[in-house]
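Notes to accompany the following structure.
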Amino acid sequence: MADSLSLPIAPIAANYDHSSLLSRNSAFSSRLLPSKCFSSGKNKLNLSSLGQYSFHSLHHRVAPIRALDSDVPHPLHKGSVDFKSKKSYEQWDSLTSTFSGAANIPFLLLQLPQIILNARNLLAGNKTALLAVPWLGMLTGLLGNLSLLSYFAKKKEKEAAVVQTLGVLSTYVVISQLAMAEAMPLPHFMATSVVVGSGLILNLLNYYNILNRRIWQIWEDFITVGGLSVLPQIMWSTFVPFIPNSILPGAIAFILAVAAVTMAHTGKLSEKGVKFVGAISGWTATLLFMWMPVSQMWTNFLNPDNIKGLSAISMLLAMTGNGLMIPRALFIRDFMWFTGSTWGTVSYGYANIVCLYIFNSIGREFFIAATVGLISWLGITLWRDTVVHEYESPIRTLKELVFGS
């Protein structure tokens, strides 16, 4: 999700816990394997039957899941997953992971020019130039990156987690440059450094299943409250001065977030309510990045001349980076990830390219190439996913994505 930039997490209450594919103290759980893999009347593995079910297949075979269950790590098919084209399914599984990992390249290229420019200004002693970079906006993006990193790390989506880690590190470099230029208050920078360092370490430990569950709950509660507090405040601030400048939206959201997390931990919520709270941090991070193009388009509407300051290459990179993650999100039926990536591709990258074309800032050839490329990519993604699942229509694919099985 865009920048995750940059532009692609969730607290666990009492019953948020999801078992991993391998138990720490036992062999495969019988829940995760077909019944014929076990000897009758005994809970022992039948190795001859197990042979046809590779660890790779079990790890990647995904089931349609509801949006509120998007944070479940690697949901598995509840029924049979016997496809005639098992090879093509696994090839598409591997290819979508590769696409997701490749998103690192455009996202890195998006942030790199700003890092280089800041470094040049610092070396030249021109600290004033760095005041043009809003540290609060960078901090918001950083929180979004950390939230999505936790989300993907918990789902064991390595490539997507790496994209978010790169977003965290590259944004932190920019924030460090702002602190050196005294464009960001030192206490805020120190607090940010502690959060970033803690977040990276905790996510690494959790990815390898060596983190205490209680500590992970505390971290997820933190990013839930933080994300839910920041989102409405950012939305409100976009329309200032047309509406009064106020911290009330963020304050109200903070109180509600703390109350929701507390109720989830004390058993005051229904099972559906607990799932809702568990999905808040991932969705708020996604909505933060989804709001970026809304804010940009609002700025374009108010000041059309500012469009000339947009870089067509940057918009193309944003569209490409987000677009590369769409196939994986669709393949694993992650509605939240798919929503954020598609929105970033269309509304952030492509919509700004359209604006640049309307105001004659780019040529017709560039616009047509971007349009054809985007439509072709989305079409091929939907068609290929339909084929590997052996569905007759892509409508079923989209239905599974949105509503689950």
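In terms of modelled atom types and a separation under 3.5 Å, the side chain of Ser170 and the main chain of Gly167 share a donor-acceptor contact. Side chain of Thr284 to backbone of Ser281: a donor-acceptor contact under 3.5 angstrom is found. A donor-acceptor pair under 3.5 Å is absent between the side-chain atoms of Trp92 and the main chain of Arg384, judged by distance alone. A side-chain donor-acceptor contact under 3.5 Å links Asn352 to the backbone of Tyr348. Put simply, the side chain of Arg328 gets close to the backbone of Asp93: a donor and an acceptor are under 3.5 Å apart. Between the side chain of Asn203 and the backbone N or O of Gly199, at least one donor-acceptor pair lies under 3.5 Å. Side chain of Thr286 to backbone of Gly282: a donor-acceptor contact under 3.5 angstrom is found.
Note: Thr397 OG1 to Lys399 NZ = 12.0 Å, rounded to the nearest 0.5 Å. Taken from CG in Leu149 to CG in Leu204, the straight-line distance is 9.5 Å, to the nearest 0.5 Å. In this structure, the separation between OG on Ser176 and CE on Met184 is 8.5 Å, given to the nearest 0.5 Å. The structure places CD1 of Ile215 at 7.0 Å from CG of Leu202, a figure rounded to the nearest 0.5 Å. Put simply, CD on Gln164 and CG on Leu200 are 12.0 Å apart, with the number rounded to the nearest 0.5 Å. Between atom CG of residue Asn145 and atom OG of residue Ser150 there is a gap of 11.0 Å, rounded to the nearest 0.5 Å.
Using a 4.5 Å heavy-atom threshold, the side chains of Met180 and Leu130 count as separate. Between Tyr151 and Lys155, some side-chain heavy-atom pair lies under the 4.5 Å cut-off. Counting heavy atoms from C-beta on, the side chains of Ile358 and Val354 come closer than 4.5 Å. Gln111 places none of its side-chain heavy atoms less than 4.5 Å from the side chain of Leu169.
When all heavy atoms of Asn121 and Ala129 are compared, the pair lying nearest together is ND2-CB, 3.5 Å. Here the shortest heavy-atom pairing between Ala103 and Met325 reads CB-CG, 3.9 Å. Taking every heavy atom of both residues into account, Ala318 and Gly349 meet most closely at CB-CA, 4.5 Å. Taking both residues in full, the closest heavy atoms of Ala153 and Ala161 are given as N-CB, 4.2 Å, listed atom of the first, atom of the second, then distance. Nearest approach of Leu401 to Phe335, heavy atoms of both residues: O-CB, 3.4 Å. Here the shortest heavy-atom pairing between Asp385 and Val388 reads O-CG2, 3.3 Å.
When the side chain to side chain contact (heavy atoms under 4.5 Å, CB included) test is applied to Pro106, the partners found at least two apart in sequence or on another chain are Leu317, Thr320, Leu324. Partners of Arg396 under the salt bridge (Lys or Arg N to Asp or Glu O under 4.0 Å) rule, at least two apart in sequence or in another chain, are Glu400. When the side chain to side chain donor-acceptor pair (under 3.5 Å) test is applied to Ser314, the partners found at least two apart in sequence or on another chain are Ser311. Every residue meeting the side chain to side chain donor-acceptor pair (under 3.5 Å) condition with Asn118, not counting sequence neighbours, appears here in chain and number order: Gln114, Gln177.
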With a cut-off of 3.5 Å and sequence neighbours excluded, list every side-chain donor-acceptor pair involving residues 237-264.
{"residue": "Ser237", "atom": "OG", "partner": "Gln233", "partner atom": "O", "Å": "2.8"}
{"residue": "Thr238", "atom": "OG1", "partner": "Ile234", "partner atom": "O", "Å": "2.9"}
{"residue": "Thr238", "atom": "OG1", "partner": "Trp291", "partner atom": "NE1", "Å": "2.7"}
{"residue": "Ser246", "atom": "OG", "partner": "Leu248", "partner atom": "N", "Å": "2.9"}
{"residue": "Thr262", "atom": "OG1", "partner": "Val258", "partner atom": "O", "Å": "2.7"}

Sequence neighbours excluded and cut-off under 3.5 Å, please list the side-chain donor-acceptor pairs for residues 188-197, or say none.
{"residue": "Thr192", "atom": "OG1", "partner": "His188", "partner atom": "O", "Å": "2.7"}
{"residue": "Ser193", "atom": "OG", "partner": "Tyr172", "partner atom": "OH", "Å": "2.7"}
{"residue": "Ser193", "atom": "OG", "partner": "Phe189", "partner atom": "O", "Å": "2.9"}

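Here the rule is salt bridge (Lys or Arg N to Asp or Glu O under 4.0 Å) with Glu220, and of Arg214, Arg213, Lys154 only Lys154 fits it. Of the options Phe366, Phe367, Tyr350, a ring-ring contact (aromatic ring centres under 6.0 Å, His included) to Tyr357 is made by Phe367 and by none of the others.
Few gaps surround CG on Leu398; more than 12 heavy atoms of other groups in view lie less than 6.0 Å from it. Applying the 6.0 Å contact sphere to CG of Leu117 captures more than 12 heavy atoms from other residues, nucleotides or ligands. Within a 6.0 Å radius of CH2 in Trp219, more than 12 heavy atoms belonging to other residues, nucleotides or ligands are found.
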Next on the checklist: For a side chain to side chain contact (heavy atoms under 4.5 Å, CB included) check, start with the C-alpha distance between Glu157 and Asp334, then their side-chain angles and the critical distance, and finish with the verdict.
Outcome noted: CA-CA 11 Å; Glu157 282 291 331; Asp334 189 322; over 6 Å; no

Item to check | Derivation of the side chain to side chain contact (heavy atoms under 4.5 Å, CB included) call for Trp135 and Val174 | outcome: CA-CA 9 Å; Trp135 68 267; Val174 174; over 6 Å; no

Checklist entry - Under the side chain to side chain contact (heavy atoms under 4.5 Å, CB included) criterion, do Phe276 and Leu269 qualify, and how do the steps go? => result CA-CA 10 Å; Phe276 178 79; Leu269 297 179; over 6 Å; no

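Between Tyr89 and His389, the two ring planes are perpendicular [angle over 60°; tilted spans 30° to 60°].
Taking the centre of each ring, Phe152 and Tyr207 stay at or above the 6.0 Å mark.
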